[in-house]
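Structure, as structure tokens:
Chain identifiers are assigned alphabetically (A, B, ...) following the order of the sequence lines, protein sequences preceding nucleic acid strands; residue numbering begins at 1 within each chain.
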There are 4 protein chains.
Amino acid sequence: MTATTPDAPTPAGSSHQRRKAERPSELLDAALQLFVEKGFAATKTEDIARLAGVSKGTLYLYYTSKEDLLREVISQRVSTRIADGMARAAAHEGSATELMRTLLVDWWTQTLESDASGVFKLVVSEVRNFPEIGALWTDEVALPGSQLIGSMIQRGIDSGEFRPVDVHCVVHSIVLPLVMLCVHRHSLGACDCPGMSMEPQDFIRAHIDLVLRGLAAHPQP
Amino acid sequence: MTATTPDAPTPAGSSHQRRKAERPSELLDAALQLFVEKGFAATKTEDIARLAGVSKGTLYLYYTSKEDLLREVISQRVSTRIADGMARAAAHEGSATELMRTLLVDWWTQTLESDASGVFKLVVSEVRNFPEIGALWTDEVALPGSQLIGSMIQRGIDSGEFRPVDVHCVVHSIVLPLVMLCVHRHSLGACDCPGMSMEPQDFIRAHIDLVLRGLAAHPQP
Amino acid sequence: MTATTPDAPTPAGSSHQRRKAERPSELLDAALQLFVEKGFAATKTEDIARLAGVSKGTLYLYYTSKEDLLREVISQRVSTRIADGMARAAAHEGSATELMRTLLVDWWTQTLESDASGVFKLVVSEVRNFPEIGALWTDEVALPGSQLIGSMIQRGIDSGEFRPVDVHCVVHSIVLPLVMLCVHRHSLGACDCPGMSMEPQDFIRAHIDLVLRGLAAHPQP
Amino acid sequence: MTATTPDAPTPAGSSHQRRKAERPSELLDAALQLFVEKGFAATKTEDIARLAGVSKGTLYLYYTSKEDLLREVISQRVSTRIADGMARAAAHEGSATELMRTLLVDWWTQTLESDASGVFKLVVSEVRNFPEIGALWTDEVALPGSQLIGSMIQRGIDSGEFRPVDVHCVVHSIVLPLVMLCVHRHSLGACDCPGMSMEPQDFIRAHIDLVLRGLAAHPQP
DNA sequence: AATGAATGAGAATTCATTCAT
DNA sequence: TATGAATGAATTCTCATTCAT
């Protein structure tokens, strides 16, 4: 709402100019990193500014408050990844099983590895203090995402690939552990406690596979 | 040392005494509720005290600092539920499938409904600021819990009920969505955003069922 | 003003009774020790109570406030020693030189070694926060003491033993280092810094001797 | 790192800059005054700030804590005066008697009249709560000062001007009343109690004179 | 635009004093 | 009397935000 620099055509000016155009996004990167790591309340605006390489005062030239920064951080990171997922789903072809395996494994692997995974933890930690985050998340992420996966499952049921199941529940069985994986990466997984270690990519693959087996109408080899 | 203990008649003592005995746990309840709702940094000690029905100063009669309260909140709530789970597992009999279905559904349903579910969100949100929470959680919850579930899966594999699978991954497929359910209940789920709604008990049952089907060595009806 | 137990004839009751009678003075001892060591503001009433072997509440049965305790501590300790000094001076005989040497050396040696020495430091540290201490000290200690010493010097001048000097100044030359010795004992001297070490008794003797030589009307051997 | 330092013309800079340079010393002045008057524990940081003409928060831009302020107050004020004394001593010539009279009278008169005199009271009052003050004082003030005076006395003994005396004791006879004079100026002397009144300069002169007479090897006129 | 000194409301913690037992 | 749990005013220190330069 505050910063509206879509830095689309790269202003191509002097390095000073280019610098200016990138500031908002550098600040957002810094803010995301620290909000995810420490939480909103425990993050100091001065630390965000320092991490972005500017001074405390400069932050306020681009964002009106710390809370404004939080809103922007969440809507920016989220919208791009969701749009991306929708586009890929639309383009895909083949059986429901194959579609789900490819799409889900790819999208979640990439999400987990990108900064976007931190947003999951941030939302979990902060929604109750900032209700508008909940609305944003539900409308732009949770509902579209559920619908997308739900429609793929329904397609499999209709084609006879899958048993008739409660689509809603299965969506959760699929998605919740992957969301938790993202959350975990930025909480316990970021500590040096061993224990829960495991290759995330392997797990994503194995998990999708396990669920698809659970869904299958006919026994699998 | 000086006066002879005058609580002669009943160890229950006066209401004054009784109060003192209950305060720590009342404070812990209040602290858990607020820490889970707002996060550690955004919770004011005065609010904890007020919620527990005492004054600011009284809190410090029982806990040395806000951080001390955080530590206690986590270790207290956690230890009881884990001990409980271990005990039940030891007592159970029957096939691995049946054991897992009963035990997991019961334990997680109860956990989700109790205050203890909030601890999951709290740990997720605060580990990175308080590393000792990570150690505590890993040692007392994550490792024992994983081992317990892992041993049940292994038992099923050994008996031929289950396919040979990567036990570690399956443990995560089982547990992560249930953990996420707890986390969700205290984040987005506590907001009035609709969307993700669903009967948790139904989901727990359906999820365990889905996984057990995915594990089954022989096709299920 | 608050406690008026002159414990003169020792009530001779039970040990419980005797205890009660001694409380005020035990509290005063504890208060003096801690006030001298840490200063008034940095001393906690609870520490005073503990050191006196009673509970926080008991203290308030004998003294109305922490400040009340301060007043009592000072007037009690001081009055006795001053009265003692006056009495001895009155009883003494002989030359001014001999009188001064004996009296000053004895009185200051005893004062330095008793708890009373702490009162000097306490007064120095706290007068500006509690003006009534200043009045008390001036009236009951500084003026009587100066007068006593001044009259001894005057006696020596009148008899031709001493040069004619500014009596006022000499009183200070005599007294200030001895006061400072008391103050020092409870400040730097109580730390384990070496340096200023020296046998106080030797110094007292040497100092009085030095001054008497400075005063002498005729050269000394 | 980013901007090229724009204070090109004169390092004096704007009034904004000039202010920043003076703040630390203004804060130190305010802190010294209040610590000496009320003692460390009874001084409020907000009062220090107000006396220095800044807000509460500004104080913490320059000093990390109230205790830090105490340390700085002591080391700053002390080091300059001691260095000054050493320099003068080195420059002086003439008989030991003359040297001591001139140097001691001057240095102590100036010290008594400057803010530095307050440091004596402050150290006396606070050493036991802050042991590092003791070390600082011993190393930087007490030992160098004693040595300086001791060497002057020894010079007089060697030259036959003074009787052979215990140098250590005489140093104390000289210094303790002067230290006490400083202490007194900021304790009882600052109250409106009369009594101990006397022109400090006269006393300093008379005291040094008295001691020098006490030291003299040959009778004085 | 950028800086960083200054502000002051706000939060954690302490401690003298009270009072029910 | 004696106790010690409870209180809440007071104090230190922090940090989001402003603004002169």
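As judged by a 4.0 angstrom heavy-atom cut-off over every strand, T64(D) is placed among residues making no nucleic acid contact. Residue contacts for K44(C): at a heavy-atom cut-off of 4.0 Å it reaches the sugar-phosphate backbone alone, with no base atom in range. When heavy atoms are screened at a 4.0 angstrom cut-off, K56(C) is found touching base atoms of the nucleic acid. Within the 4.0 angstrom heavy-atom criterion, only backbone atoms of the sugar-phosphate kind lie near T45(D); the bases stay farther away.
Ring geometry, F35(B) versus F40(B): the interplanar angle falls from 30° to 60°, so the pair is classed tilted.
Nearest-nucleotide assignment on DNA chain E puts the 5′-proximal partner with S55(D), out of A41(C) and S55(D). For the pair G57(A) and G53(B), both in contact range of DNA chain F, the more 5′-proximal nearest nucleotide belongs to G53(B).
We find that OH of Y62(D) is positioned 18 Å from P of dC13(F), with the value rounded to whole Å. If you take CG of L59(D) and P of dT7(E), they are 11 Å apart, rounded to a whole angstrom. Note: NZ (K38(D)) to C1' (dT11(F)) measures 14 Å, nearest angstrom. A straight line from OH of Y60(B) to P of dA5(F) spans 18 Å, rounded to a whole angstrom. Protein atom CD of E46(B) is 9 Å distant from nucleotide atom P of dA12(E), rounded to whole Å. One atom, NZ of K66(B), and another, C1' of dT14(F), lie 12 Å apart when rounded to the nearest Å. Atom CG of L27(C) and atom P of dT1(F) are 13 Å apart (whole Å). For the pair I48(B) CD1 and dT13(E) C1', the computed distance is 13 Å after rounding to whole Å.
Between D29(C) and R77(C), at least one side-chain nitrogen of the basic residue sits less than 4.0 Å from a carboxylate oxygen of the acidic one, meeting the salt-bridge criterion.
The two residues L59(B) and A49(B) make their nearest non-hydrogen contact at CD1-N, 4.2 Å.
In terms of modelled atom types and a separation under 3.5 Å, the side chain of K56(C) and the main chain of I48(C) share no donor-acceptor contact.
Across all strands shown, dC19(E) pairs with dG4(F); the Watson-Crick or G-U wobble distances both stay below 3.5 Å. Pair check for dA1(E) finds none; no Watson-Crick or G-U wobble contact set falls under 3.5 Å.
Distances shorter than 4.0 Å separate some side-chain N or O of R23(A) from OP1 or OP2 on dA2(E).
Side-chain contact check for V36(A) versus L32(A): some heavy-atom pair is nearer than 4.5 Å.
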